[in-house]
Amino acid sequence: MCYFALWYWINIQFNIINKQIYNYFPFPWFVSAVHLAVGLLIMTFFWTTKIVKYEKPDADFLKACTLPAFLHAFGHCLTNVSFAAVAVSLTHTIKTLEPVFTSIGSFLVNGQVYAWPVYFALLPIIGGVALASATELSFSWLGFSTAMASNVAFSARAIFSKKLMQRMSPLNLYNFLTIISLLFCIPFVFLFEGSTLAAGIAKAVELKGQKEFILVLLKVGAFYHLYNQVAYQALGKVEPVTHAVGNVGKRIFVIGFTILAFGNKISMQTAIGSGIAVLGAGAYGFLKNKYAAE
């Protein structure tokens with residue numbers, strides 16, 4: 001319970017601070033790279049102090065990490081573009097569609113077929129997202145399309161990362177994916193924001209002060225890395241069904257707290273749609289694990 005409470009709290013803090021940054025510094029590609037760079041500092045500290053046992057990768061393993069790392073970098077950056085463009089609650093509602101793309105990808109890549117109740121559970125997710133998006137006041141096609149594209153990237157990352165977990169612990173695998181992802185992220189920053197980044201940083205420093213601006217970037221990066229690390233530790237101690245319920249609970253808390261934090265006005269239809277999508281994701285996780293165990 002302590003792990004779950006910490007996971008939720010850190011995740012909520014990350015989402016609130018991350019969105020606050022975009023209100024005066026709308027450079028999501030650069031901020032995404034900062035998230036990963038701060039994670040690199042944290043994991044280096046954990047490895048050198050032996051809080052986390054270091055597992056040395058070989059050349060073949062690093063080569064195998066390249067595709068999942070690219071997908072992680074691209075998906076992470078696109079998620080942040082969506083966060084910057086629309087309300088955090090809408091992005092998280094759209095993100096509940098990830099199981100839809102995972103199911104499709106699992107069939108196309110591995111030929112994996114689930115029981116029909118698992119696929120049936122995808123319908124409320126699709127319907128809930130459509131209902132929520134139709135009347136969301138902050139809706140924009142940029143925010144919607146980047147969140148959808150991140151779903152595709154993260155679903156593919158999960159599929160291609162699965163075999164790598166047989167060769168290294170999930171926590172260390174995530175650490176190495178972070179390192180390689182950072183290398184992929186840096187070119188995106190120069191490509192999409194390079195021409196205006198210096199002026200944006202100068203404006204943010206003028207508005208917030210250099211020390212505060214640097215500290216908030218370090219803080220949001222730390223929260224991003226730690227919530228992922230705590231999530232791995234928390235979910236490693238529970239059964240798969242509890243894992244699914246935990247993910248649903250996280251989205252409920254994040255959507256609710258970000259609406260309160262930013263005072264976003266949402267229609268009743270958006271609230272109902274978000275609720276249906278989140279509950280559908282919970283049903284999908286429950287049914288998938290149930291039929292996998294049979």
Side-chain angles (χ1 to χ4, degrees), residues 14 18 21-22 25-49 51-84 95 98 105 109 146-147 149-198 200-201 213-214 216-232:
F14 163 74
N18 202 46
I21 291 173
Y22 298 136
F25 184 69
F27 292 86
W29 296 90
F30 175 77
V31 174
S32 298
V34 170
H35 292 164
L36 299 173
V38 174
L40 174 58
L41 296 176
I42 292 173
M43 71 181 72
T44 300
F45 170 76
F46 284 158
W47 277 334
T48 54
T49 57
I51 295 175
V52 174
K53 183 181 178 181
Y54 177 77
E55 298 175 58
K56 186 177 180 180
D58 55 32
D60 289 338
F61 179 82
L62 292 175
K63 184 179 179 181
C65 283
T66 303
L67 179 57
F70 172 78
L71 294 167
H72 179 71
F74 200 55
H76 178 52
C77 290
L78 290 174
T79 299
N80 281 294
V81 172
S82 181
F83 280 146
K95 294 286 287 177
E98 191 172 319
V109 176
T146 49
S150 74
N151 281 334
V152 177
F154 281 136
S155 298
R157 178 201 63 180
I159 293 168
F160 290 112
S161 296
K162 191 70 174 178
K163 293 181 180 179
L164 293 175
M165 290 184 182
Q166 300 172 1
R167 300 167 62 180
M168 182 175 287
S169 66
L171 189 55
N172 273 293
L173 171 60
Y174 174 74
N175 288 344
F176 283 110
L177 288 180
T178 296
I179 295 172
I180 303 172
S181 295
L182 177 59
L183 299 177
F184 282 121
C185 251
I186 294 173
F188 290 149
V189 176
F190 286 102
L191 178 63
F192 293 110
E193 299 171 345
S195 61
T196 57
L197 182 58
I201 293 175
F213 180 57
I214 293 174
V216 77
L217 288 176
L218 292 174
K219 183 187 293 185
V220 77
F223 279 136
Y224 172 75
H225 183 82
L226 291 174
Y227 95 70
N228 279 289
Q229 182 165 311
V230 172
Y232 271 110

### Query
Do Val152 and Phe74 have side-chain heavy atoms sitting under 4.5 Å apart?
no
### Query
By salt bridge (Lys or Arg N to Asp or Glu O under 4.0 Å), which residues pair with Asp60, not counting sequence neighbours?
none
### Message
How long is the straight-line distance from CZ of Arg167 back to CG of Asp58, given to the nearest 0.5 Å?
### Response
5.5 Å
### Message
Could you check whether any side-chain heavy atom of Phe25 comes within less than 4.5 Å of a side-chain heavy atom of Ile201, counting everything from C-beta outward?
### Response
yes
### Query
Taking all non-hydrogen atoms of both residues, which atom of Glu55 and which atom of Phe176 are closest, and how far apart?
O-CE1, 3.4 Å
### Message
Taking side chain to side chain donor-acceptor pair (under 3.5 Å) as the definition, give me every residue that meets it alongside Ser82, ordered by chain and number, with sequence neighbours left out.
### Response
Thr91
## Note on the structure
With sequence neighbours left out, the residues meeting side chain to side chain donor-acceptor pair (under 3.5 Å) with Thr66 are none
Distance-only criterion, 3.5 Å: show the donor-acceptor pairs between side-chain atoms of residues 31-45 and protein atoms not counting sequence neighbours.
| unit_1 | atom_1 | unit_2 | atom_2 | d |
| --- | --- | --- | --- | --- |
| Ser32 | OG | Pro28 | O | 2.7 |
| Ser32 | OG | Asn80 | ND2 | 3.0 |
| His35 | ND1 | His76 | NE2 | 3.0 |
| His35 | NE2 | Asn18 | OD1 | 3.1 |
| Thr44 | OG1 | Leu40 | O | 2.7 |

Considering only distance and modelled atom types, tabulate donor-acceptor pairs under 3.5 Å from the side chains of residues 181-188, sequence neighbours left out.
| unit_1 | atom_1 | unit_2 | atom_2 | d |
| --- | --- | --- | --- | --- |
| Ser181 | OG | Ala69 | O | 2.9 |
| Ser181 | OG | Leu177 | O | 2.5 |

## Note on the structure
Nearest heavy-atom approach of Ala147 to Ser150 is O-OG, 2.7 Å
#### Entry: Gap between atom CZ of Phe213 and atom CD1 of Ile21 - 0.5 Å precision
7.5 Å
### Atom pair CZ/CZ of Phe160 and Phe70 - distance to nearest 0.5 Å
12.5 Å
### Query
Under the side-chain contact (heavy atoms from CB on, under 4.5 Å) criterion, do Trp47 and Asn175 qualify, and how do the steps go?
CA-CA 10 Å; Trp47 277 334; Asn175 288 344; 3.6 Å; yes
### Message
Counting C-beta onward and ignoring hydrogens, is there a side-chain heavy-atom pair between Phe154 and His72 closer than 4.5 Å?
### Response
yes
### Query
Roughly how far, to the nearest 0.5 Å, is CZ of Phe27 from OG1 of Thr196?
4.0 Å
#### Entry: Phe192 CZ to Trp29 CH2 distance, which is reported to the nearest 0.5 Å
4.5 Å
### Task
Could you pull out the closest heavy-atom pair between Glu193 and Pro26, with the gap in Å?
OE2-O, 4.5 Å
### Message
Atom OH of residue position Tyr54 - does it have more than 12 heavy atoms of other residues, nucleotides or ligands inside 6.0 Å?
### Response
yes
### Query
Which value, rounded to the nearest 0.5 Å, describes the distance between Lys53 atom NZ and Ile51 atom CD1?
16.0 Å
### Query
Which atom pair, heavy atoms only, marks the closest approach of Leu173 to Met168?
N-SD, 3.7 Å
### Summary
With sequence neighbours left out, the residues meeting side chain to side chain donor-acceptor pair (under 3.5 Å) with Asn228 are Tyr174
